[in-house]
Structure formats: structure tokens, C-alpha cells
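As a basis for the values below, the full set of heavy atoms in this structure was taken, side chains included, without hydrogen atoms, waters or symmetry mates. Chain identifiers are assigned alphabetically (A, B, ...) following the order of the sequence lines, protein sequences preceding nucleic acid strands; residue numbering begins at 1 within each chain.
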Number of protein chains: 2
Amino acid sequence: MPKERTSSGDPAHTLQLLWRGSSPDRRRGPRRGLSIDAVVEAATAIADAEGLAAVTMRRVAKELGVVPMTLYTYVPGKAELLDLMLDAAYARMPRTDTTGQPWRQRVTAIAEENKALFERHPWAAAVSTVRPPLGPGQMSKYEHELSGLEGLGLSDVEMDDCLTHLLTFVQACAVAVADARAAHHDSALNDQQWWELNAPLLARVLDENAYPTAVRVGAAAGAAHSSAYDPDHVYAFGLQRVLDAFAALIDRRGNA
Amino acid sequence: MPKERTSSGDPAHTLQLLWRGSSPDRRRGPRRGLSIDAVVEAATAIADAEGLAAVTMRRVAKELGVVPMTLYTYVPGKAELLDLMLDAAYARMPRTDTTGQPWRQRVTAIAEENKALFERHPWAAAVSTVRPPLGPGQMSKYEHELSGLEGLGLSDVEMDDCLTHLLTFVQACAVAVADARAAHHDSALNDQQWWELNAPLLARVLDENAYPTAVRVGAAAGAAHSSAYDPDHVYAFGLQRVLDAFAALIDRRGNA
DNA sequence: CTGTACGCAGTACAATGTACAGCGTACAGA
DNA sequence: TCTGTACGCTGTACATTGTACTGCGTACAG
């Protein structure tokens, strides 16, 4: 499926919510029983504990002791709620100060911070960021991460390119982890069990002569990690590749 | 959201479907009006034209001139249908013969084949592959792509690692494109229009002094590509990085 | 004191995957 | 040739989702 969050609402209103624009004038009527932050916090708690699929308007409302429709007086819709959740999560990310450290450590720190984000909030990997939440959290994150890439001799455009490349990689890893978790959740099998169940069945229908390389390499990879797909290894291996790639780009620039 | 497809059904049955296991004995009752292939083909046609969200059991059934529940006599459920769609798409991928070419061209060819897959079938990017469809299409694809990585001095495990890294990257790019398409579809705005709408609003709430690097780099990146996010550029830039990374790994191995 | 704006609640609807039960067909065995 | 049964297909039904709409009561502005 395409990812979640396709806010079709009014951009101005969404931005006002993200930046917590003050209420325009004195409020009439009964006092508000909740706050945007409370709604976002409740939704985030549910998502952290049970995954994004558990975040339904009814569920969030129940958690807050109100009826579902009440939420719509705080948030225009579910898409905007996801925007707010994501920007709040960005805002809460610890931002390591790596000034003075060698660039590989600085880039690694950026990756680790994002990895930690997705470990604390696995659902965040599943939220589309092609139209990012343009809130203070996102801005501050972007500012912080770009700072880590300054002084390497990269152009501004290359800095953005490299950051995008790095974050795309980390998010892709997180998506895989989240998918595995979701599959585990509603198939009652974890990845290893699933493979152990399928391997012998596959061996029966698979002609080893037809796929010699696949069988050989697949066996080697399966033996090397405990399972056929080891997320930690994919991340560790991939991060080294990304660092090597940046090194090549930086060297090229330095010699030019 | 987590991605689609969490087949909770019987693995043995799913494998039998993927490999088109013959019906065990002589059939009784009325003759079948359709075939698995027809169902898979119809679903794929809908997904290609209107996205994965348009693929509902009711819609597929209507396209085939049957009632929704009829599909369940061909396929155990929607998850398995997605498995079959994906494996069929894998099977149909053109497999370029790159024997004898330099390794960069061979790796590039693998990337391009996958990019083409996602261009022809954008929905494929949104289907989770942490538990891949273990069918003939997937197997043949894996065999083909591994062959392209042989003879580089990489170990079997490294071949698998590199392939995973490459495919993860290409799929991540495709996911972004698919997300943008989906957002365009149900917000009536394409990415460029969305940015043009948000940029001036953002400028009003954004303190330029608080995010100097972000504003500077963001402006440069936005000016360099026509939009703030250019999928083609992200792919082209990223592929070069992946190739550089592989080069570093291969060189290291060669010198070891 | 009163009118009105606004927070909150309840009902309602369309869309989804699919469980379940019934109906009719066409082959297996007589 | 006749009949029982396995099986393809249909129709109805249900739980779950986001959210539009309507009504009620509150608390501040005048």
C-alpha cells in the first residue's frame, strides 16, 4: 500500500496547527477539555505500543475519555493528526553535538539518531515523507542534520542530496523492521518461524539446478545471519556502504 | 502505515498457488469460469492504472464479471492475491544479459530493471517484501540478479548484502514516487503545486535566523531541481553513491 | 439578562475484507 | 441411464474504518 497520510486539508490550517498558532480571539462557549498536545500524545502512545494500525479515531478518543467526533474539534482529520505526531517526534529527537569530530562519526551520529527515532516510534517509518510536515520539529531536525554535513567541501545541493540519500537508507531499514513486526503481529509467526516453515516446503517445489546461484548464495546468507533477513546486519552493512560512498564523493571534490 | 500484504494463510497452500500446483484429482461440479491467472491479471491491470488502493475484491470481481465472493474460490484472500501479483510481475521482468560487461554496467542494469519494474507497476513498491513471495518469479529474479554480481571477488554473503542494499535503495526511490502519485491523486495537487502553496505560508511562520543552514540549503536544492524533491535526481545521485560504495568494497577485497 | 458562538455528543453512511448458507451443475459410480 | 455428491458461484450479512451532519448545553459579549 501507499503509505499513510495524504492530508487533503487546507495547508494554511495545517501549518497553523504545526506551529501552534494562537487562537485568533477570545473563545466563547464551554472551556476545552483537552488540548492538541494531549491528542497527539495519546495517539503517539497507542502507535508506539500497538502500531499505526491501532491508531483509529475511535481508539484515540476512548483513550482520552471522549467520543470520537470530539477529536475533530482539535484536529481537522486523521492525516493532520499524523502530521502532528511526526513533527512532535522529530522535535523530541536528541540532537548529538558532534562539532569537531571526524566526518564519519558525524554522519554516523545522524544515522544513529534516526535509527533511534524509528526504534522508539516504529510507526514513523510507515508515514510518507514526500510531503513532510513543515513544522518546527522537521525544521529543527533538518537544520541539525545539515550542520553535521558542513565543512566537508560539499556544495549546498550535494549536502541536501547526501542527507536525503542517508535518510532514505535509514528509513528503508526501519520500514523493513516495521513490516516484519506487523507481519509477526497478525500472522502469529515471527520471521524466523515463517522461514523455517517455508524453507522445507520451498525445497520440495524448487529445482536446485534451475537456480544454482540463488540456492548457493541464499544458503550462505541464511547461515551467516541467524535468519534469512537480519535487519541489524542490513543496517550495519548499508551504513558502511553509505559512508564509503560519501568518502568517494568528498575525495573527488577535494581533488577537483 | 505498514505496507500491504500480511498473508496469514497456510504457507503450503500459498506456495502451491505460486508454483501453480496442479489440482489434486479430477474435478467435480461445474467448470471454472475463470483462472488464477485471469484474476491476477485483472487485479494487476487495476493496480497499474489506478494504484493499489483501487484493488478491492469487489472491484476485481466487477472487472471479471463475477460477484466478489467468487474470487475466494481462486485465491484464499487478498494477501495471497498480492503475493501472486508480485511474483507474476517479477516473472515478467526483462532480464538483460550483461555477461562480459564491466561490473558497473552490470550493477546499473540490475538497478534499471528494477526501476523499470516500479515504473510499469508503481504499486509493487508498496508491497512489503520482508516475506517475499517464494514463487518462480522471485526465484528467477534473485538468480538473475546474483549472477550479475558474480566474479567481483565478493563472498556469497557479500553478494547477498550488496544486492539487498541496491534493491532497498531502488525500492525506496520507487516508494517516494508512488507516495507522490498517491498524494497527487487524492489531494488534487501535484508535488510542485503543493510546495508552491506551502512555501509562502511557511515563510511567514519560519524564523530565518533560527534555521540558517536549512533555509540556505533548502533554497539551493529547490532551485537546482525544478521542485523541492526531484525523484529522478534522487535516483541518479543515489545510484552513483551505491556504485562508488561497491567499488570501495571490491577494491578492498582485491587488495586484501 | 440574553443572544450567540462554540465544545461536545450521538447518529448515520459508505466502503472494506470476508464468513456463511443456499443453489444448481456436472461428473462418479450404480 | 439414473442418482448422489462435490464443487463453483451467488447473495446476504457483519464488524471496522473515517467522518458528515444534527442537536444540546455552556459561558462569555453586549
Decide yes or no on side chain to side chain donor-acceptor pair (under 3.5 Å) for B/His144 and B/Glu113, but give the supporting numbers first.
-> CA-CA 11 Å; B/His144 166 71; B/Glu113 287 165 3; 3.1 Å; yes

Which part of the nucleic acid, if any, lies within reach of A/Val60 when heavy atoms closer than 4.0 Å are counted: base, sugar-phosphate only, or nothing?
-> nothing

Looking across every strand, which nucleic acid part, if any, lies under 4.0 Å from A/Val55 by heavy atom: base, sugar-phosphate, or nothing?
-> sugar-phosphate

With respect to the phosphate group of [N], does any side-chain polar atom (N or O) of [X] fall under 4.0 Å of OP1 or OP2?
X	N	answer
B/Thr70	D/dT10	yes
A/Tyr74	C/dC8	yes
A/Thr73	C/dC8	yes

Of the nucleotides [options], which one has an atom closest to the side chain of [X]?
X	options	result
B/Arg58	C/dT18, D/dT26, C/dA9	C/dT18
A/Val67	C/dA9, D/dG11, D/dC7	C/dA9
A/Lys78	D/dG18, C/dT18, D/dG25	D/dG18
A/Met69	C/dT11, D/dA13, C/dG7	C/dT11

Residue met sooner reading DNA chain C from 5', once B/Pro68 and B/Pro30 are mapped to nucleotides | B/Pro68

Check if the side chain of B/Arg31 and the base of D/dG8 share a donor-acceptor pair of N or O atoms closer than 3.5 Å.
-> no

Straight-line distance of B/Ile46 CD1 to B/Glu41 CD, nearest 0.5 Å | 11.5 Å

CZ/B/Phe169 to OG1/A/Thr168 distance, rounded to the nearest 0.5 angstrom?
-> 8.0 Å

Rounded to whole Å, how long is the line connecting atom [atom1] of [X] with atom [atom2] of [N]?
X	N	atom1	atom2	answer
B/Ile36	D/dG8	CD1	C1'	14 Å
B/Leu71	C/dT18	CG	C1'	11 Å
B/Leu81	C/dT18	CG	P	10 Å
A/Leu64	C/dC8	CG	P	11 Å
A/Met57	C/dT11	CE	P	19 Å
B/Arg59	C/dG17	CZ	C1'	17 Å
A/Leu52	D/dG18	CG	P	10 Å
A/Tyr72	C/dA12	OH	C1'	14 Å

Identify, between A/Ala54 and B/Arg32, the residue whose nearest nucleotide on DNA chain D lies closer to the 5' end.
-> B/Arg32

Salt bridge flag under 4.0 Å for residues A/Asp37 and A/Arg20 = yes

What is the base-pairing partner of D/dG30, counting Watson-Crick and G-U wobble geometry with both distances under 3.5 Å?
-> C/dC1

Give the C-alpha distance, both sets of side-chain angles, the deciding distance and a yes or no for side-chain contact (heavy atoms from CB on, under 4.5 Å) between B/Lys141 and B/Leu167.
-> CA-CA 12 Å; B/Lys141 177 178 190 283; B/Leu167 296 187; 3.8 Å; yes

When you look at B/His184 and B/Asn190, which way does the side chain to side chain donor-acceptor pair (under 3.5 Å) test go after all the steps?
-> CA-CA 5 Å; B/His184 179 18; B/Asn190 66 32; 5.1 Å; no

